[in-house]
Asks: 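Quick one: the structure is below, questions incoming.
Because only heavy atoms are used, hydrogens play no part in the values below, and waters and symmetry mates are left out as well, while side chains stay in.
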Amino acid sequence: FGPKQVEYLSITSSSAQRVYIRSLCMLLYRAVYECFPGSRLKIEHSIARGSYCQLLNAGEITAEKVATLKSKMQEYVQRDLPFIRKERIRQDVIEIFRKQGLEDKVKLLETNHGIYAVYYSLDGVCDSYYGAMVTSTGVLKVFDLVPYEKGFLLMGPDKENPEVPQAPISQNKIRFWLPASPSVSTWCCCSLSAVIISLGLLKMLMTRDYCRIQRKYSSSVTILISAI
């Protein structure tokens, strides 16, 4: 090992924020694993200054369930558990993830041709992330879980005042699910056209992404192009 240069980052920096939120995601996963065994955590897009999360196979997401998860996360913070980085033969990691029901990550690792795979362990539960984690859960004192739509928001520290969690903002115009009707494909394409037009990116229609969309929604996209 050669000499390294270490730079200490403020929690208000973008890099530190990403490490913090990434670590919160694993902390949340550990809480879900214990509080709702058999369920599946989905951490989706960023919205309202937080990360939108859903629990599958856990019934309706109520304020009580969200409070249970938050309480368990706070318990882990008090215990100051270490995030342990590990590197093992890829096939061994696949078996670990398969036992935990992480089928999406099993498929991802099966397409990776590397000999070794890196993952993290927190209190006996494993997961993989694209980036570094904090040293231990004791660092993650500032966070919040807020019920939101059909799921909840994972909130990290406020960028202006990192001593308190971010407060969610209202974004009621953003839709969280597709309408359950035969016109779903038309709705998708109309939404796509609105984004393309509003951003002035009509050239996207000539990319491979457009070709893939056209194959899936050929009739609706043809109508859309005619309208443009």
Asks: For the hydrophobic clusters of this structure (ILVMFWY residues joined by side-chain heavy atoms under 4.5 Å, transitively), does one cluster hold both I61 and Y148?
Replies: no
Asks: Answer whether the closest heavy-atom distance between the side chains of F152 and L55 falls below 4.5 Å.
Replies: yes
Asks: Find out whether M73 and L154 are in side-chain contact, i.e. whether some heavy atom of one side chain is under 4.5 Å from a heavy atom of the other.
Replies: yes
Asks: Any link between L28 and F83 through a network of hydrophobic side chains (Ile, Leu, Val, Met, Phe, Trp, Tyr) touching at under 4.5 Å?
Replies: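 Looking at the clustering, F83 is in the same group as L28.
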Asks: Of all residues at least two apart in sequence or in a different chain, which pass the salt bridge (Lys or Arg N to Asp or Glu O under 4.0 Å) check with R88?
Replies: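 For R88, the residues satisfying salt bridge (Lys or Arg N to Asp or Glu O under 4.0 Å) (neighbours in sequence not counted) are D92.
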Asks: For E87 and Y119, run side chain to side chain contact (heavy atoms under 4.5 Å, CB included): C-alpha distance rounded to whole Å, both residues' side-chain angles, the deciding distance at 0.1 Å, then the answer.
Replies: CA-CA 6 Å; E87 185 174 3; Y119 67 101; over 6 Å; no
Asks: Please step through side chain to side chain donor-acceptor pair (under 3.5 Å) for the pair T12 and S10, ending with a clear verdict.
Replies: CA-CA 5 Å; T12 58; S10 167; 2.8 Å; yes
Asks: Please tell me whether V106 and I43 are part of a single hydrophobic cluster in this structure, the criterion being side-chain heavy atoms less than 4.5 Å apart.
Replies: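 Yes; tracing contacts between hydrophobic side chains, which count when under 4.5 Å, links both residues.
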Asks: When rounded to the nearest 0.5 angstrom, what is the spacing between OG1 in T135 and CG in L140?
Replies: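 T135 OG1 to L140 CG: 8.5 Å, rounded to 0.5 Å.
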Asks: Report yes or no: does S121 contribute a side-chain atom to a donor-acceptor pair with the main-chain N or O of C126 at less than 3.5 Å?
Replies: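 Not a single qualifying donor-acceptor pair exists.
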Asks: Under a single-linkage definition using a 4.5 Å side-chain heavy-atom cutoff for Ile, Leu, Val, Met, Phe, Trp and Tyr, are M155 and Y76 assigned to the same hydrophobic cluster?
Replies: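 In one cluster with M155: Y76, no.
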Asks: State, yes or no, whether a side-chain contact exists between Q54 and K150 at a heavy-atom distance under 4.5 Å.
Replies: yes
Asks: Apply the test side chain to side chain contact (heavy atoms under 4.5 Å, CB included) to residues C53 and L153: give CA-CA distance (whole Å), side-chain angles for both, the deciding distance (0.1 Å), then the verdict.
Replies: CA-CA 6 Å; C53 307; L153 294 176; over 6 Å; no
Asks: Side-chain heavy atoms nearer than 4.5 Å, only ILVMFWY residues, links allowed to pass through others: does that put V134 and I21 together?
Replies: yes
Asks: Any Lys/Arg nitrogen of R98 or E95 sitting under 4.0 Å from an Asp/Glu carboxylate oxygen of the other?
Replies: yes
Asks: What's the verdict on side chain to side chain contact (heavy atoms under 4.5 Å, CB included) for L24 and Y29, showing C-alpha distance, side-chain angles and the deciding distance?
Replies: CA-CA 9 Å; L24 276 179; Y29 172 55; over 6 Å; no
Asks: According to side chain to side chain donor-acceptor pair (under 3.5 Å), who are the partners of S71, at least two apart in sequence or on a separate chain?
Replies: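 Here no residue qualifies.
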Asks: Examine distances only and state if a side-chain atom of S46 and a backbone atom of S51 form a donor-acceptor pair shorter than 3.5 Å.
Replies: no
Asks: Kindly give the cluster partners of V6, where membership spreads through any ILVMFWY side chain lying under 4.5 Å from a current member.
Replies: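 Y8, which link up through side-chain heavy atoms under 4.5 Å apart, make up the rest of the cluster.
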Asks: How is the hydrophobic cluster of I84 composed, in terms of its other members, when Ile, Leu, Val, Met, Phe, Trp and Tyr link through side-chain heavy atoms under 4.5 Å apart, directly or indirectly?
Replies: none
Asks: Out of curiosity, E103 CD to L108 CG, how far, rounded to the nearest 0.5 Å?
Replies: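 Spacing of CD (E103) from CG (L108) equals 12.5 Å.
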Asks: My understanding is that a hydrophobic cluster links ILVMFWY residues whose side chain heavy atoms are under 4.5 Å apart, including indirect links. Using that, what else belongs to the cluster containing Y116?
Replies: I89, I115
Asks: Return each pair, listed once, that meets salt bridge (charged side-chain N to carboxylate O under 4.0 Å, His left out) where at least one residue sits in residues 15-41; pairs must be two or more places apart or across chains.
Replies: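 Output for this query lists R30-E34, R30-D123, E34-K72, R40-D104.
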Asks: Of all residues at least two apart in sequence or in a different chain, which pass the salt bridge (Lys or Arg N to Asp or Glu O under 4.0 Å) check with D158?
Replies: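 By the salt bridge (Lys or Arg N to Asp or Glu O under 4.0 Å) rule, D158 matches no residue at all.
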Asks: Going by heavy atoms in the side chains, are N57 and F36 under 4.5 Å from each other?
Replies: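 SC-SC contact between N57 and F36 ruled out.
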Asks: Any pair with a residue in residues 59-69 that passes salt bridge (charged side-chain N to carboxylate O under 4.0 Å, His left out), sequence neighbours left out, goes on the list, sorted by first then second residue, please.
Replies: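 Checked against salt bridge (charged side-chain N to carboxylate O under 4.0 Å, His left out) - neighbours excluded - no pair reaches residues 59-69.
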Asks: Side chains of M26 and Y120, heavy atoms from C-beta outward: is any pair under 4.5 Å?
Replies: yes
Asks: Under the side chain to side chain donor-acceptor pair (under 3.5 Å) rule, collect the residues that match up with D127, sequence neighbours excluded.
Replies: K105, Y129
Asks: So, R90 side chain and H113 main chain: donor-acceptor pair closer than 3.5 Å or not?
Replies: no
Asks: Among residues at least two apart in sequence or on other chains, which ones pass salt bridge (Lys or Arg N to Asp or Glu O under 4.0 Å) with K42?
Replies: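 E44.
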Asks: Show the nearest heavy-atom pair for residues S39 and A58, with the distance to one decimal.
Replies: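 The answer is CB-CB, 3.9 Å.
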Asks: Does the side chain of L109 come within less than 4.5 Å of F97's, by heavy atoms?
Replies: yes
Asks: Test I94 against E110 for side chain to side chain contact (heavy atoms under 4.5 Å, CB included), laying out the working first.
Replies: CA-CA 8 Å; I94 287 175; E110 287 177 339; 3.8 Å; yes
Asks: So, for A16 and I11, which heavy atoms are closest and what is the spacing to 0.1 Å?
Replies: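 In terms of heavy atoms, the two residues are closest at CB-CA, 3.9 Å.
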Asks: Clusters formed by hydrophobic residues whose side-chain heavy atoms approach within less than 4.5 Å: which one holds I169, and what are its other members?
Replies: none
Asks: Considering only heavy atoms from C-beta outward, does the side chain of V66 approach that of V146 to under 4.5 Å?
Replies: no
Asks: Return the set of residues passing side chain to side chain donor-acceptor pair (under 3.5 Å) with D80 (not counting sequence neighbours), or none when no residue passes.
Replies: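 By the side chain to side chain donor-acceptor pair (under 3.5 Å) rule, D80 matches S136.
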Asks: Do the side chains of V77 and L27 get nearer than 4.5 Å, heavy atoms only?
Replies: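 When only atoms from C-beta onward are counted, V77 and L27 do touch, with a gap below 4.5 Å.
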